[in-house]
Amino acid sequence: ETGVTQTPRHLVMGMTNKKSLKCEQHLGHNAMYWYKQSAKKPLELMFVYNFKEQTENNSVPSRFSPECPNSSHLFLHLHTLQPEDSALYLCASSQDPGLSGNEQFFGPGTRLTVL
Amino acid sequence: GENVEQHPSTLSVQEGDSAVIKCTYSDSASNYFPWYKQELGKRPQLIIDIRSNVGEKKDQRIAVTLNKTAKHFSLHITETQPEDSAVYFCAAYFYSSASKIIFGSGTRLSIRP
């Protein structure tokens with residue numbers, strides 16, 4: 001699979017577990033994003049990274065912790081989640097999130113279920 | 001605050017007819033408005049976008065119009081086909097608080113054969 005890849009594709013975890021979601025982009029882009037997609041809020045931006053630096057944290061609870069070691073990789077570390085955190089977590093990348101706006105390329109998502 | 005409203009939430013049209021989805025946004029400084037299509041079980045993909053320096057853009061059966069004064073933009077699909085069935089999201093870039101994109105709540109479009 002090319003473009004933006006995500007692992008795992010499905011994850012079931014208990015509220016006391018710690019897990020991580022991984023995203024990798026093969027497009028040479030400089031910006032990466034985490035989104036949450038649920039029935040309640042179809043596409044909710046969580047975090048923005050531009051050139052490995054976090055530029056946006058959309059009031060996300062601290063039980064979600066992002067990490068961007070380089071422009072190609074993005075992680076979302078999860079701990080002590082709640083059942084309402086169950087959702088599809090989508091990663092995306094773009095050439096640059098700058099003021100001009102540009103196309104976001106989405107990964108296939110990780111379907112997360114918190115028991 | 002920054003907001004994008006999208007209507008309708010569901011839309012069913014006869015194959016061959018046209019479909020129109022409308023969005024309004026709150027920040028007059030926004031200047032980039034993309035539309036994404038998400039088929040069932042698949043990832044969202046950009047289908048068309050428009051910038052604030054134009055009022056209309058067309059790509060085959062798909063067109064988007066923008067009214068900056070009224071702060072609304074619309075997606076028009078003509079001669080609808082079964083493969084147009086999907087959820088469509090509008091979005092707007094906001095610059096009042098760093099660079100940020102906000103998506104509408106989505107429209108589930110169904111094409112009746």
Side-chain angles (χ1 to χ4, degrees), chain A residues 1-7 9-10 23-27 29-51 53-60 87-111, chain B residues 1-10 21 23 25 27 29-54 57 59 64 66 68 73 86-109:
Chain A
E1 193 172 359
T2 58
V4 182
T5 58
Q6 289 185 244
T7 56
R9 296 293 302 275
H10 301 271
C23 175
E24 185 173 359
Q25 58 96 0
H26 312 270
L27 301 168
H29 288 168
N30 296 309
M32 297 187 77
Y33 311 77
W34 279 116
Y35 288 88
K36 177 183 178 182
Q37 186 169 46
S38 63
K40 202 172 180 180
K41 285 191 177 182
L43 262 178
E44 186 180 8
L45 180 65
M46 300 174 72
F47 300 104
V48 178
Y49 275 83
N50 186 21
F51 295 102
E53 299 297 320
Q54 185 176 314
T55 58
E56 192 76 24
N57 175 339
N58 202 22
S59 303
V60 181
L88 181 69
Y89 288 84
L90 289 162
C91 173
S93 71
S94 67
Q95 181 61 44
D96 189 287
L99 298 181
S100 62
N102 46 83
E103 181 176 358
Q104 307 231 338
F105 291 81
F106 285 86
T110 295
R111 175 68 63 185
Chain B
E2 299 146 347
N3 190 39
V4 175
E5 292 192 3
Q6 183 171 347
H7 300 280
S9 56
T10 60
I21 302 169
C23 289
Y25 59 98
D27 186 356
S30 300
N31 67 0
Y32 176 63
F33 308 92
W35 285 88
Y36 285 81
K37 175 184 179 182
Q38 187 174 25
E39 296 177 35
L40 188 63
K42 297 191 176 179
R43 68 192 78 186
Q45 288 190 296
L46 180 74
I47 54 170
I48 196 167
D49 56 14
I50 192 168
R51 300 187 187 276
S52 59
N53 56 345
V54 297
K57 184 177 178 180
D59 182 3
V64 57
L66 171 65
K68 281 219 75 178
F73 55 113
V87 178
Y88 291 81
F89 294 97
C90 64
Y93 269 75
F94 291 86
Y95 305 110
S96 56
S97 58
S99 184
K100 190 174 183 179
I101 182 171
I102 294 182
F103 284 82
S105 53
T107 296
R108 184 171 299 279
L109 175 63

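Order of the sequence lines sets the chain letters (A, B, ...), proteins ahead of strands, with each chain counted from 1. Hydrogens, waters and symmetry mates play no part in the numbers below; they use all other heavy atoms, side chains included.
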Residue part contacting chain B, namely of Y35(A), when any heavy atom lies under 4.5 Å: side chain
Go through the atoms of L43(A) and report whether side chain, backbone, both or neither lie under 4.5 Å from a heavy atom of chain B. both
Where on [X] is there a heavy atom nearer than 4.5 Å to chain A: the side chain, the backbone, both, or neither?
{"X": "Q45(B)", "answer": "neither"}
{"X": "Y36(B)", "answer": "side chain"}
{"X": "P44(B)", "answer": "both"}

Which heavy atom in [X] sits nearest to a heavy atom in [Y], and how many Å separate them?
{"X": "Q37(A)", "Y": "F89(B)", "answer": "NE2-CZ, 3.6 Å"}
{"X": "P42(A)", "Y": "S105(B)", "answer": "CG-O, 2.9 Å"}
{"X": "L45(A)", "Y": "I101(B)", "answer": "CD2-O, 3.8 Å"}
{"X": "G107(A)", "Y": "R43(B)", "answer": "O-CB, 3.3 Å"}

Report the residues that fulfil salt bridge (charged side-chain N to carboxylate O under 4.0 Å, His left out) with K68(B), sequence neighbours left out, ordered by chain and then residue number. none
